[in-house]
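Not measured: the values here are computed from a predicted model. Every chain is numbered from 1 and lettered A, B, ... according to where its sequence line falls, protein lines coming before strand lines.
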Amino acid sequence: MARRPKRLRLVTWNINSVRLRLARLADLAVALEPDVICLQETKVTDAEFPLREVRATGYRHIAIRGERGYNGVAILSRIALARIDGTPDWCGKGDCRHLAVDLDIPGAPVRLHNFYVPAGGDIPDPAANPKFRHKLDFVAEVTTWFGNGAASGGRQIIAGDLNIAPLPDDVWSHRQLLDVVSHTPVETGLLGQWQATAGGWIDTMRHFVPPPQKLYSWWSYRNRDWRLSDRGRRLDHIWVTPDMAGTLKAGQIMKDARDWPLASDHVPVCVEMLV
DNA sequence: ATGGTAGATATTCTA
């Protein structure tokens with residue numbers, strides 16, 4: 001007898017401090033009713049992670065990898081999950097930028113990766129800027145890892161703040177951002193190589209909203225009126241392996257979240273699948 | 001060309 005497909009609504013959100021924005025997380029849970037939420041920049045150690053408050057929003061299954069003050073990723077789920085141990089220590093830095101879990105969908109498991117790629121600093125020159133060097137090395141290492149078989153063996157999802165806006169219509173001005181970290185050709189080229197692993201990951205937001213429509217997920221705090229100037233970039237992504245193409249049902253970027261009280265500079269990105 | 005804001009932490013770093 002055929003298995004009844006399960007709705008999987010997945011959100012990725014750079015929350016920029018989970019402790020500061022717990023109320024916004026609860027709002028997100030009510031507004032979108034995601035089954036799984038991938039968070040980046042939780043900025044909290046595992047010992048200090050607000051587990052009780054997050055469980056109270058309805059997410060009983062939680063995987064966390066955090067450190068003090070910076071970085072930090074978490075996966076919150078209504079679906080049971082099993083954490084994947086032994087993922088690489090990217091660039092040997094011991095920082096908290098990647099979590100992988102298997103979602104317990106009976107008869108149809110899905111592996112989920114949550115990434116927070118280094119932002120890369122201000123100067124797009126790896127010789128002059130170690131943060132940019134780190135970013136390029138990080139993406140290259142991840143690409144090698146997936147290319148060497150980490151992506152083989154079934155359905156997988158990559159979600160997270162990849163800190164790269166790959167397409168010309170993923171930024172407010174392609175021409176003006178070619179020299180700006182997040183949209184330089186070396187970065188978009190490397191991201192393309194990563195995306196080409198696993199037989200070609202599907203960019204789910206662009207599956208639903210193809211170019212030349214503009215699509216952003218981040219607006220700087222430094223713009224006085226973010227909506228008026230609309231100088232956005234699409235830094236947050238959800239990719240799926242090609243064998244999941246038929247599961248994609250809807251996608252949306254929750255732009256209104258940028259106007260929430262005490263907003264993050266990133267907004268939630270959401271995809272719905274029937275898996 | 002510059003500086004603008006935000007968060008965690010400690011008076012500076014990261015984004």
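- The pair K93(A)-D137(A) fails the salt-bridge criterion, with no side-chain N (NZ, NE, NH1 or NH2) lying under 4.0 Å from an Asp/Glu carboxylate O.
- Rounded to whole Å, atom C1' of dA6(B) lies 12 Å from atom CG of N14(A).
- Atom name C1', nucleotides dG4(B) and dA15(B): the rounded distance is 14 Å, in whole Å.
- Straight-line distance between the P atoms of dA10(B) and dT14(B): roughly 14 Å, to the nearest whole Å.
- The OH atom of Y70(A) sits 9 Å away from the P atom of dA15(B) (whole-angstrom rounding).
- With P as the reference atom, dT9(B) and dC13(B) are 16 Å apart, rounded to whole Å.
- D259(A) has its CG atom 13 Å from the P atom of dA6(B), to the nearest Å.
- DNA chain B is contacted by both R231(A) and Y116(A); R231(A) maps to the nucleotide lying nearer its 5′ end (nearest heavy atom per residue).
- Across the P atoms, dG7(B) and dG3(B) are found 22 Å apart, a figure rounded to whole Å.
- Nucleotide dT14(B) holds its C1' atom 12 Å from the CG atom of N129(A), rounded to whole Å.
- Residue L262(A) is in sugar-phosphate contact alone, with no base atom involved, counting any heavy-atom pair closer than 4.0 Å across all strands shown.
- Atom CD in E67(A) sits roughly 11 Å away from atom P in dT9(B) (whole-Å rounding).
- Each of dA8(B), dT14(B), dT5(B) was ranked by its minimum atom distance to the side chain of R222(A); first place goes to dT5(B).
- Contact annotation for R97(A): backbone-only contact, meaning every heavy-atom pair under 4.0 Å involves sugar-phosphate atoms and none involves a base.
- For R68(A) and dA10(B), the shortest distance from a side-chain N or O to OP1 or OP2 is below 4.0 Å.
- Within the 4.0 Å cut-off from OP1 or OP2 of dA8(B), not a single side-chain nitrogen or oxygen of R19(A) is found.
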side-chain hydrogen bond (donor to acceptor under 3.5 Å, both in side chains) between N14(A) and E41(A), worked out: CA-CA 6 Å; N14(A) 180 320; E41(A) 285 208 88; 3.0 Å; yes
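- Closest to the L20(A) side chain, of the nucleotides dA8(B), dG4(B), dT14(B), is dA8(B).
- A donor-acceptor contact under 3.5 angstrom links the side chains of D259(A) and W226(A), judged on distance only.
- Cation-pi geometry between R233(A) and W218(A) is not met: the NZ or CZ atom fails to fall both under 6.0 Å from the ring centre and inside 45° of the normal.
- Rounding to whole angstrom units, CZ of residue R224(A) and P of dG3(B) are separated by 14 Å.
- Distance F132(A) CZ to dT14(B) P: 16 Å, rounded to the nearest Å.
- The nearest heavy atom of DNA chain B to P118(A) and to N223(A) marks one nucleotide each, and the one closer to the 5' end goes with N223(A).
- Between the CG atom of D122(A) and the P atom of dA15(B) there is a distance of 9 Å, given to the nearest Å.
- In the model, D169(A) has no side-chain atom that pairs as donor or acceptor with a side-chain atom of Q213(A) under 3.5 Å.
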